[in-house]
Amino acid sequence: MTEVVLPPVETTRRFRFDWVLGVLFRPRRTLAQIMTQTTGVWLLPLLILTLTALLQVAAAGPVKQAAAVSGQTVPPMFEYYTPEQQAQMLQALEATSGPVFIYVFPALVSVSAIWIGWLAVSGLMHLILTLLGGRGDTGSALNLVAWASLPLAIRDLVRAGSLVFGKRLIENPGLSGFAPTGDSDLALFLIALLGLVDIYVIWQGILLVIGARSGNGISIAKALSAVLITLLLVLLFQALVGFGIAKLSSLTIIRPFF
């Protein structure tokens with residue numbers, strides 16, 4: 001009998017650390033390689049994003065606690081509250097400066113935003129690319145969005161370093177400094193929207209365009225259109241959430257005079 005020797009099956013390693021620097025500094029070649037994968041290779045970049053997000057929360061914790069101790073203020077007309085209301089308000093202010101509000105809740109929000117946002121952006125981008133004639137599948141979109149988001153990890157590290165060495169919170173992130181001042185709804189919305197736009201988001205968009213064109217066989221114009229539409233919709237949704245939070249945080253309880 002003649003034995004048939006099968007060639008070894010080449011498998012892709014689950015953790016390709018060489019792709020990390022490749023995506024950031026040699027994106028065209030690395031993303032082309034990523035887009036040829038038939039299995040999910042998205043875990044490593046998402047773990048990196050999760051770690052850097054937690055590092056930023058940890059760096060912001062002491063700064064937030066110091067700000068709460070030094071600048072903790074009571075709401076307007078606090079002197080007109082009943083003693084019971086004053087005690088409840090002081091207790092609430094003390095609770096919000098505890099470790100649960102300083103570390104646990106921000107960490108949960110940050111990690112949830114990474115993973116849920118990855119799924120939402122991947123699905124939305126795959127839908128738009130398909131409508132524009134793209135030939136990629138959902139798995140390639142998941143891989144692309146995960147790896148193209150690595151610039152956001154660098155942003156987390158930069159912000160964490162600023163918090164550690166600067167000892168103060170970042171007041172005007174992104175382009176929010178260009179937003180009009182005031183308490184109007186439009187001003188609050190523009191502050192929330194422009195605060196999401198920075199050089200790292202632009203970097204992410206460029207990587208998405210490169211990968212979308214490579215893995216879907218479409219023109220640069222269609223890839224650019226798909227990425228712009230996707231990012232615009234995502235940023236508008238995030239800005240609406242930030243606007244709603246800003247509106248709720250501006251509400252105060254005023255005791256009527258009677």
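Numbers here simply count residues along the sequence, with the first being 1. Values below: every heavy atom of this structure, side chains too, minus hydrogens, waters and symmetry copies.
At least one side-chain heavy atom of R155 sits under 4.5 Å from a side-chain heavy atom of V201. Between L240 and L193 the shortest side-chain heavy-atom distance does not fall below 4.5 Å. Two residues are said to be in side-chain contact when any heavy atoms from C-beta on lie closer than 4.5 Å; D185 and F243 meet this criterion.
Between the Q37 side chain and the Q33 main chain, a donor and an acceptor come within less than 3.5 Å of each other. In this structure a side-chain-to-backbone donor-acceptor pair under 3.5 Å is missing from S110 to A107. A distance-only check finds no donor-acceptor pair linking the side chain of N216 to the backbone of T130 [under 3.5 Å]. Side chain of W42 to backbone of L144: no donor-acceptor contact under 3.5 angstrom is found. Panel note: side chain S162, backbone V158; no donor-acceptor pair is recorded below 3.5 Å. No donor-acceptor pair under 3.5 Å is formed between the side chain of S214 and the backbone N or O of I210.
The two atoms that bring P151 and Y200 nearest to each other are O-CD2, 3.5 Å, heavy atoms only. Of all heavy-atom pairs between M35 and G215, the closest is CE-CA, 3.7 Å. Listed here is the closest heavy atom pair of V20 and W147: N-CZ3, 3.8 Å. Considering every non-hydrogen atom in both V23 and L207, the closest pair reads O-CD2, 3.6 Å. In this structure, A148 and L208 approach most closely via the heavy-atom pair CB-CD2, 3.5 Å.
Side-chain heavy atoms closer than 4.5 Å link hydrophobic residues (I, L, V, M, F, W, Y) into clusters, and following such links, even through other members, never connects L131 to I218. The cluster map of Ile, Leu, Val, Met, Phe, Trp and Tyr, joined by side-chain heavy atoms under 4.5 Å apart, puts L231 and L119 in the same cluster. The cluster map of Ile, Leu, Val, Met, Phe, Trp and Tyr, joined by side-chain heavy atoms under 4.5 Å apart, puts L157 and L163 in different clusters. V227 is not connected to L127 by any chain of hydrophobic side-chain contacts under 4.5 Å among Ile, Leu, Val, Met, Phe, Trp and Tyr, and they are in different clusters.
Taking the six-membered ring for Trp and thresholds of 30 and 60 degrees, F15 and F17 have nearly parallel ring planes, at less than 30 degrees apart.
Between N143 and S140, the side chains place no donor N or O within less than 3.5 Å of an acceptor N or O (distance only, hydrogens not considered).
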Under 3.5 Å, which donor-acceptor pairs link side chains of residues 43-60 to any protein atom two or more places apart or in another chain?
unit_1	atom_1	unit_2	atom_2	d
T50	OG1	L46	O	2.8
T50	OG1	W115	NE1	3.0
T52	OG1	I48	O	3.1
T52	OG1	L49	O	3.0
T52	OG1	D156	OD2	3.2

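Its side chain outside the 4.5 Å cluster rule for every partner, I116 clusters with none of the Ile, Leu, Val, Met, Phe, Trp and Tyr residues.
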